[in-house]
K.L.:
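Let me give you the structure first, and then I'll get to my questions.
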Amino acid sequence: MSSGSNSLIQGVSLSQWVGGNAWTDTPWLAFAAVLGGTALTIGFMSLTAMVLVYAERKIAAHFQCRLGPMRVGWHGILQSIADSLKLFFKEDIVPTNTDHLLHALAPALCVMATLLALITIPLSPSISIANMNIGVLFLSAVSGLGVLGILLGGWSSNNKWSLLGAMRAGAQIISYEISMTLSILVVVLFAGSMKFSTIIESQATGWWIWRVPVVGFVAFFIFLISSTAEINRTPFDLAEGESELTAGFHTEYSGLRFAMFFLAEYINLFIASSLGAILFLGGWMPFHIGHFSTFNHLMDLIPPGIWFAMKVCGLIFLSMWIRWTFPRLRVDQLMRLEWKILLPIGLVNLAIAACLILSEYYFFVWNPL
Amino acid sequence: MNRTELLSTVLSLSTEFSPREKTDRPAVLAPVQGLTDLMLKLRDHSELSFDMLTVATAIDWIKEGKIELVYILISSTFKHSLQVGALLDREKPVAPSLSSVWAIAEWQEREIFDLFGVRYLNHPDLRRLLLEDDWNGHPLRKDYVDDFMLERPWR
Amino acid sequence: MEITGMTAATMSNTEVPVSSLDERIKFFQNEPQSALATQEYFVNMGPQHPSTHGVLRLVLKMDGETVREIIPVLGYVHRGMEKKAEYIGYRQQVHLTDRLDYLCALMNNWVMADAVERAMKIELNDRILTLRTIFAELQRIQSHQLWWGVFGMDLGAFTPFLYGFRDREKITAIFEDTMGARLTMNYIQPGGLMYDIHPEFPRKVKDFLKYFKPILNEYDELFTGNVIVHQRLKGIGILDGKTAISVGASGPVLRASGVSYDLRKSDPYGVYSKTQFEVPVGTTGDCWDRYIVRMQEMRESIRIVEQLIDNIPEGPTMVMKFGAKIRIPEGIYYNQMETARGILGVMLVADGTEKPYRLHFRTPNFNNLWSVISMAKGLRLADLVAILSSVDIVVPDIDR
Amino acid sequence: MHVFFRGLLSLFKGMKITWYYLVHPSTVVTQQYPENRATLKLADRVRAQLAFNYDENGFHKCTSCHICEEACPNASIHVIDRPKPAIAKNELDHFIWRLDSCTFCNLCVLVCPFQVLKMNPTFESSVFDQRLLVYNLTTYAGATGPVLMKQPDAEARNKLIEPRSVYDGPTALEGYHLAGIPPGLYEPTSTTGVPK
């Protein structure tokens, strides 16, 4: 996974856990580290997805005056485990006249893309699988792969609804990728780096969302919208749109393969939210207000991992809140929103950000320490 | 317009209308030939203006050997209604299609064709509406029998 | 590089339009060998589809996302109701009407009972009529609540669905107390009502109205005001008044198209003539108008119930007790009323025996569905879903 | 611009509503069904199960007049009677009620001249086999109550009574024999429901 191109990937913190120059000295140790990293990532991924599914079901239920899962475990806390077990043991139905190879490949591709994207996310200063210096670029490149899985899944199902869903997803994800990248670029310009840890450290004195008063917020807003569209969630869930396309691209999937799509969807939610937290909300940096040093010290007491988790949870909650409140857009409105509204705003925003940096009218610094 | 006024207006419209007995609302009988023209007259008459075809159905009078087409027309402006009947031969029921007069008649006629077997001339798309395409017979005819008609099994 | 479409066009010696890019694209799309040529395809929407509200099947001829043609295929819940009606007595017919449009079972019961009563010339007392009117209006609110929820779900918002059902449940509970059933009540019988109302009924209805009025404003805030909803509904699925009349549309669909035709006003039955209410009428006849008309109708229904609930007259709830058999004098009787979806008519052909010679149901959804065909042509698939939902079809009502 | 912000405001308004319900758990309306059996009270009039009215002695008043059978729109009631020489009339042998085709229209209850029938609000009647939805409602077949009460002599009364195995639940249809109906009394239908 990450063992190949050492020139690209620097400072793999996993190697530091193993100790010393593990990469060069003992190849089997390096191999074990990679294996362990992969296993850890997959474990983390499954766990996160389970927690997210449970959280989504509970939160959605309470938005809607329901209780949600209540039967398995205390307040249904084991519901996700029961569901995943069920999905494991379900029959894997493959319709006749489908392209069997691609049909089987599509969910794997989806999961692979999310897995690759997930390894770049640093969870705290000490926990990160691959802290690359091209983190942002790698993430946006790899997350674009996910759409291939969706397209293949829709196409190989040999079902017109699936195909429609896949086409919608393709058009949507490719379009919104542009806006998302534009908003990410703003932060990259500010921070002067594509490395996630550097971006986060550059926000020690203030988060990018308000360190540059308007530009940062606009970029965050665009990021929020386009990332919601990227991960196919309401109001942009046209690819699945159950009232229109029954289930969109995964209509013909069942059992474990469906579970893989499901997993990818929730991990994408996690990735998008953590990306938002890293780029705009300061990653694991604590919340500081100006010169209130007591308050700031208090904030510093909270460990960085918790800070990061809090921010990610906040963004995930926001995403769920939006999902369970809004209706869906139509496909042409979706495209209009991207190409006629978000893209121009994003471009102008990027230009303004560049001008601000060039003119060295540096930022309205919130708390000059 | 009350009942008698309405009826006299309709009857004065054409000599081919004849009043129909035993109905709870104003009703006339019309000949099948030229039904479309008569209906057009009823629709476009300024005082009647029956612009809505609410009911189009049929009754199978098996003893008389007739099928009666029943149209109930409503005027959306004057809110009055009229029942128009037309008697067909039960063995060879053929009637002109009214789908050019009221758009909905297309479906209603398909339904009547489906359930009574009335053939419509100049109908754009005369297929069965409710039953399967390969259904045998027309169920709302009084002499229709099939194996699946459930009676009380112990009688 | 040469586009294959260009060569095809030059080969067939057709003139390529030069006026605008759009026209040129259109030209090449129609050219069969062109690289831009599109292919229309058929797709079955239904019988098992989440937004056909039952087992309606629409065969769609699509061009990408655009719906070019709609061919409805009916009959998946055809139960031969009219045939069955010829085999059972008049008193038993009422329970069939429960199963037409199951969301306004009480109104359907009323139409059937009223048809029998008119045929037999039975005069009802004020208590029965007032109660029937209250029930009908409560049922209208209930039906519209469900429609609102389902409408939200069809537009992709799941939360309105549960809010709508939550509030509908409150009316259902009130009905359950009095009628002993939640959906298919069979409560309004020829000659009166099955039982007297539950002693708690007026209080519970008042409680409900008090609860529901602010909730309606909440509906507006959550859904009506939402900018996405505006985008999805305004100017979509326009049905002009003339077409609406010619397809025999009725109910909110007709009134949204600007035709103020409501049997409660124009041909008052029950005690509607004694109550004050407005008939909400739309202007353009698009989905948004149908939405607003229905929301407004809920408010008007609340008004009607409020006027009636405080002074329900005393009296018996069954003026004529029938045995199992009722005989109706010979003749054709047609009776129609305004249900939540439009005009439900019952044509009774009696021959003097205890069973009808022929019974025909004129159902509102049958005609309303026809209007969908003309409305949705050339729009997107998502619009078709919105239109279907705004027309508020109930499939058993169409198929009978 | 104005439109844009108004649209944004409308979105926030909707989010405010859902937020309200999230933070007010008292608005939850879910009923935890099997757990709340103790508190779940259905209205008295709920029609869920047809039952016989028995008096305190365990007798019913059915005279086997078949009016309920006539009134039933979908042939869900089948009254089987037998000659009773003691009263020179037919009397009720079996009262078969088919839940699988019943629509709970309540007409049988309404038309019964002796108020023998009633609808109970006991709703948990789901079974795994459709055939089990055929009920035999007479728990006790024998002379009707009034006839028996006229017999002061216990010996003679016992002669009027033909004790049957006590019925305690639904009986399968595809053999009426399970309901205690002797073969030949009634030709069972085929599985498709079409009379032979």
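Chain letters run A, B, ... following the sequence lines, proteins first and then strands; every chain starts at 1. Remember, predicted model here, so these are calculated numbers, not experimental data.
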K.L.:
Where on C:N367 is there a heavy atom nearer than 4.5 Å to chain B: the side chain, the backbone, both, or neither?
P.N.:
both

K.L.:
So C:R362 and B:T57, do their side chains get closer than 4.5 Å, heavy atoms only?
P.N.:
no

K.L.:
Taking everything shown except C:K242 itself, do over 12 heavy atoms lie less than 6.0 Å from its NZ?
P.N.:
no

K.L.:
Under a 4.5 Å heavy-atom cutoff, which of C:G345, C:A244, C:G75, C:S246 has the most pairs with chain B?
P.N.:
C:S246

K.L.:
Using heavy atoms and a sub-4.5 Å threshold, report which of residues 70-85 of chain B line up against chain C, by residue number.
P.N.:
B:V70, B:I72, B:I74, B:S76, B:K79, B:Q83

K.L.:
Measure the CD1-CH2 distance between C:I398 and B:W107 for me, rounded to the nearest 0.5 Å.
P.N.:
7.0 Å

K.L.:
Quick check: closest heavy atoms across C:Y334 and B:R25, and the distance to 0.1 Å?
P.N.:
O-NH2, 2.9 Å

K.L.:
In terms of heavy-atom proximity below 4.5 Å to chain B, should C:T243 be classed as side chain, backbone, both, or neither?
P.N.:
neither

K.L.:
Using heavy-atom distances under 4.5 Å, tell me whether B:R127 contacts chain C through its side chain, its backbone, both, or neither.
P.N.:
side chain

K.L.:
Report the distance from atom CD1 of C:I332 to atom CD of B:E68, rounding to the nearest 0.5 Å.
P.N.:
5.0 Å

K.L.:
Can you tell which part of B:A27 gets under 4.5 Å to a heavy atom of chain C, answering side chain, backbone, both or neither?
P.N.:
neither

K.L.:
Under the side-chain contact (heavy atoms from CB on, under 4.5 Å) criterion, do C:H78 and B:L131 qualify, and how do the steps go?
P.N.:
CA-CA 7 Å; C:H78 178 60; B:L131 303 175; 3.4 Å; yes

K.L.:
What's the verdict on side-chain contact (heavy atoms from CB on, under 4.5 Å) for B:I59 and C:M347, showing C-alpha distance, side-chain angles and the deciding distance?
P.N.:
CA-CA 11 Å; B:I59 306 166; C:M347 197 189 82; 4.0 Å; yes

K.L.:
Heavy-atom distances under 4.5 Å only: say whether C:I373 touches chain B with side chain, backbone, both or neither.
P.N.:
side chain

K.L.:
Taking C-beta and beyond as the side chain, do B:E111 and C:L74 meet within less than 4.5 Å on heavy atoms?
P.N.:
no

K.L.:
Identify which part of B:R128 has an atom lying under 4.5 Å from any heavy atom of chain C, answering side chain, backbone, both or neither.
P.N.:
neither

K.L.:
Using a heavy-atom distance cut-off of less than 4.5 Å, which residues of residues 33-42 of chain B contact chain C?
P.N.:
none

K.L.:
More than 12 heavy atoms of other residues, nucleotides or ligands under 6.0 Å from CG of B:D143: is that the case?
P.N.:
yes

K.L.:
Is the CD atom of C:E123 crowded by more than 12 outside heavy atoms at less than 6.0 Å?
P.N.:
no

K.L.:
What is the minimum heavy-atom distance between C:Y357 and B:I62, and which atoms define it?
P.N.:
OH-N, 3.3 Å

K.L.:
Any idea which of B:D60, B:T23, B:D114, B:T54 has the most non-hydrogen atom pairs under 4.5 angstrom with chain C?
P.N.:
B:T54

K.L.:
If I measure from the heavy atoms of chain B, does C:I71 come under 4.5 Å with its side chain, its backbone, both, or neither?
P.N.:
side chain

K.L.:
Does CG in B:D89 sit with more than 12 non-hydrogen atoms of other residues, nucleotides or ligands closer than 6.0 Å?
P.N.:
yes

K.L.:
How long is the gap from CZ on C:F366 to CD on B:Q108, to the nearest 0.5 Å?
P.N.:
6.0 Å

K.L.:
Go through B:V101, B:L129, B:L115 and name the one with the most non-hydrogen pairs under 4.5 angstrom from chain C.
P.N.:
B:L129

K.L.:
Between C:V349 and B:W61, is there a side-chain heavy-atom distance shorter than 4.5 Å?
P.N.:
yes

K.L.:
Less than 4.5 Å to any heavy atom of chain B: does that hold for the side chain of C:L254, its backbone, both, or neither?
P.N.:
side chain

K.L.:
Non-hydrogen atoms of chain B under 4.5 Å away: do they reach the side chain of C:A249, the backbone, both or neither?
P.N.:
backbone

K.L.:
Would you indicate whether the side-chain heavy atoms of B:V55 and C:H360 approach each other to under 4.5 Å?
P.N.:
yes

K.L.:
Side chain, backbone, both or neither: which part of C:R118 has an atom under 4.5 Å from a heavy atom of chain B?
P.N.:
neither

